[in-house]
Amino acid sequence: MTDIKQPVIAVIGLGFVGLAAALGFTEKGYKVYAFDIDERKRTSLQQGKIPFYEPDMEEALSTHLNLDFDICESMEEAIFEADLIFICVGTPYEEEKGLDMSSLISVIHDISRLMNCNDFKGIVVKSTIPPGTMRSTLKPLLESHGLEVGRDVGLAYNPEFLREGSAWEDFLKPDRIIIGEVDSRTARLIEQVYSPFESPCVRVSPETAEYLKYASNALLATLISFANEQAMIAESIGDIDIPQMFNLLHMDKRWSGSPAGMSNYVYPGCGFGGYCLPKDTLALTHTAIQYGHKAKLLEAVMELNQDIADFTAEQIIGLLKHRDEQIGILGLSFKPGSDDVRNSPAARIIQLLLDEGCTNLTAYDPIAMSTFRNHYDFPIRMMNSLNEITVGSDICVIVTAWPEFQSLAYNTSVIQIVDARYMLDINKTYFKENYTRKNG
Ligand SMILES: NC(=O)c1ccc[n+]([C@@H]2O[C@H](COP(=O)([O-])OP(=O)(O)OC[C@H]3O[C@@H](n4cnc5c(N)ncnc54)[C@H](O)[C@@H]3O)[C@@H](O)[C@H]2O)c1
């Protein structure tokens with residue numbers, strides 16, 4: 001049996017994330033050296049005390065302290081033997097100053113000064129940072145010290161999704177491990193380190209990983225504010241049993257399953273339409289006003305539904321060389337599997353293109369062409385098939401995620417495609433099979 005060397009790990013910054021990671025890696029059998037700039041925190045940890053409440057972590061500390069988990073007195077000592085250095089320092093945000101990355105930058109400077117080019121070490125950032133930071137700030141920072149990323153030093157972003165209060169369990173059983181890859185050597189090493197965790201490990205661009213962390217928290221924040229806005233409206237109306245109403249809301253079967261049906265609603269497209277979502281969202285906004293409550297989130301929801309149509313139309317216009325180029329609109333119903341064209345995003349986008357002076361619009365939909373004709377009076381030509389519309393068009397825009405449009409991923413006759421439903425990304429291994437219901 002070949003003896004593969006276990007990577008040695010250093011963790012810098014021992015807050016919720018750093019301590020969970022450091023102890024979590026020891027729990028999985030790694031030797032971990034840890035350092036925190038805060039002397040009191042180091043002393044407390046040396047005494048076996050965790051300076052915050054986190055179930056199960058104090059036990060883990062007493063199991064591993066000074067065996068496979070060493071608290072170091074300097075950064076130099078912590079990184080000396082390490083193959084991977086996980087940076088978990090805080091990145092606080094202040095209204096006036098913006099995001100403070102000074103601790104992270106200072107740690108990268110310190111590590112760079114201590115690096116020996118003959119001893120490759122991968123730097124793995126776990127602190128939450130804005131998209132673009134890895135490539136536009138941290139990589140140049142390492143290079144300014146004469147280090148070449150991929151040769152002398154490695155760099156990757158590995159966002160952390162743990163929740164305070166269940167940090168230990170979340171770290172040990174992550175839903176997915178994301179590696180924002182800058183150099184492949186470090187990415188492979190991280191994959192190796194996480195292999196005992198038995199969670200899906202996905203290598204993505206650093207920007208994707210950076211954005212994912214923000215999107216994940218922004219989604220949770222938005223859901224909480226949605227619920228709170230609903231409760232405020234309901235309180236204003238009165239006689240509504242709010243907890244009961246929410247419990248019944250949660251009985252919607254789209255919350256369960258793997259993936260949960262609700263994930264179709266958390267996927268981008270070019271807007272919602274049909275009879276119920278626009279009408280009922282508007283009606284609730286107006287009802288709230290009648291009871292003295294301004295539903296800011298619902299108003300923003302309706303505004304964004306127009307913004308996404310504007311955005312799609314601008315994307316199309318941006319690709320045009322002339323206003324008389326042929327634009328093929330693929331899909332007219334508000335969602336696949338339906339011929340309902342009321343408030344259809346296709347109508348909004350067609351109107352915007354006509355307003356911009358586009359003169360050569362065609363459309364194709366497997367079942368909704370005649371209803372669309374009856375409902376709207378647009379000067380556009382209907383095509384009989386996907387083949388007919390794609391052959392003649394300069395640009396095709398996927399507006400409804402009909403399954404047959406997926407064949408365009410392999411079609412070479414169309415010059416340009418605006419995939420406004422994000423359904424053609426055949427390179428993604430985790431492409432969702434149930435894409436047909438997106439935003440429906
Ligand atoms: N708290 C969470 O639930 C959570 C979850 C996921 C991601 N994150 C992100 O992870 C990062 C860390 O979060 P946290 O909650 O653990 O923060 P924290 O403030 O609890 O801990 C940060 C630690 O870094 C130490 N530190 C600061 N500068 C240092 C330096 N130069 N050298 C060594 N140590 C230094 C601090 O003393 C502190 O102990 C943040 O970017 C945060 O946004 C946090």
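FYI, side chains are in, hydrogens and waters are out, and symmetry mates aren't considered; it's all heavy atoms of this structure. Both counts, for ligands and for their atoms, begin at 1 and track the order of listing.
- Between Thr91 and ligand 1, an N or O atom pair is found at a separation short of 3.5 Å.
- Closest heavy-atom approach to atom 1 (N) of ligand 1 among the candidates Glu164, His109, Met75: Glu164.
- For ligand 1, the atoms closer than 4.0 angstrom to any heavy atom of Asp38 are 37 (O).
- Ionic pairing of Lys335 and Asp340 is not present here: no N-O contact between side-chain nitrogen and carboxylate oxygen is shorter than 4.0 angstrom.
- Ligand-side atoms of ligand 1 in range of Leu162: 3 (O), 5 (C), range being under 4.0 angstrom from any heavy atom.
- Here the heavy atom of the protein found nearest to atom 17 (O) of ligand 1 is Gly90 CA, 4.3 Å.
- In summary, the atoms of ligand 1 found under 4.0 Å from a heavy atom of Cys88, numbered by their order in the structure, are 12 (C), 22 (C).
- On a distance-only criterion, Val17 and ligand 1 share at least one N/O pair closer than 3.5 Å.
- Checked by distance only, ligand 1 and Lys213 stay at 3.5 Å or farther apart across all their nitrogen or oxygen atoms.
- Heavy-atom contacts of Glu160 reach the following atoms of ligand 1: 6 (C), 7 (C) (cutoff under 4.0 Å).
- Atom CZ of Phe197 sits about 14.0 Å away from atom CD of Glu191, to the nearest 0.5 Å.
- With Leu23 as the partner, the side chain to side chain contact (heavy atoms under 4.5 Å, CB included) test is satisfied by one option alone out of Lys28, Glu54, Met57: Met57.
- Within 6.0 Å of CZ on Arg113 lie more than 12 heavy atoms contributed by other residues, nucleotides or ligands.
- Protein heavy atoms are found inside the 4.0 Å sphere centred on atom 39 (O) of ligand 1.
- Scanning the protein for heavy atoms near atom 11 (C) of ligand 1, the closest one is Val89 O, 3.4 Å.
- One distance of note links CD1 of Ile87 with CG of Leu138; it measures 7.5 Å at 0.5 Å rounding.
- For ligand 1, the atoms closer than 4.0 angstrom to any heavy atom of Val107 are 30 (C), 31 (N), 32 (N).
- Remark: side-chain polar atoms of Tyr267 are paired, donor with acceptor, to backbone N or O of Tyr422 under 3.5 angstrom.
- Counting the atoms of ligand 1 from 1 in the order shown, those under 4.0 Å from a heavy atom of Ile12 are 32 (N), 33 (C).
- Rounding to the nearest 0.5 Å places CD1 of Ile316 at 11.0 Å from CD of Gln416.
- Taking every non-hydrogen atom of Gly13 and a distance limit under 4.0 Å, the qualifying atoms of ligand 1 come out as 24 (O), 25 (C), 34 (N).
- Annotation: Thr128 places an N or O atom under 3.5 Å from an N or O atom of ligand 1; distance criterion only.
- Checked against side chain to side chain donor-acceptor pair (under 3.5 Å), Glu299 has the following partners two or more places apart in sequence or in another chain: Lys294.
- Among residues two or more places apart in sequence or in another chain, the ring-ring contact (aromatic ring centres under 6.0 Å, His included) test is passed with Phe86 by Phe25.
- The side-chain heavy atoms of His145 and Met115, taken from C-beta on, include no pair separated by under 4.5 Å.
- Rounding to the nearest 0.5 Å gives a distance of 12.0 Å between CD1 of Ile233 and CD of Gln290.
- Among all protein heavy atoms, the one lying closest to atom 20 (O) of ligand 1 is Gly15 CA, 3.4 Å.
- On a distance-only criterion, Phe16 and ligand 1 share at least one N/O pair closer than 3.5 Å.
- Contact atoms of ligand 1 toward Lys41: 38 (C), 39 (O) (distance under 4.0 Å to a heavy atom of the residue).
- For the pair Ile37 and ligand 1, the shortest N or O to N or O distance falls below 3.5 Å.
- The 12-atom threshold is exceeded at CD of Gln306, counting heavy atoms of other residues, nucleotides or ligands nearer than 6.0 Å.
- For atom 25 (C) of ligand 1, the nearest protein heavy atom (residue, atom name, distance) is Asp36 OD2, 3.2 Å.
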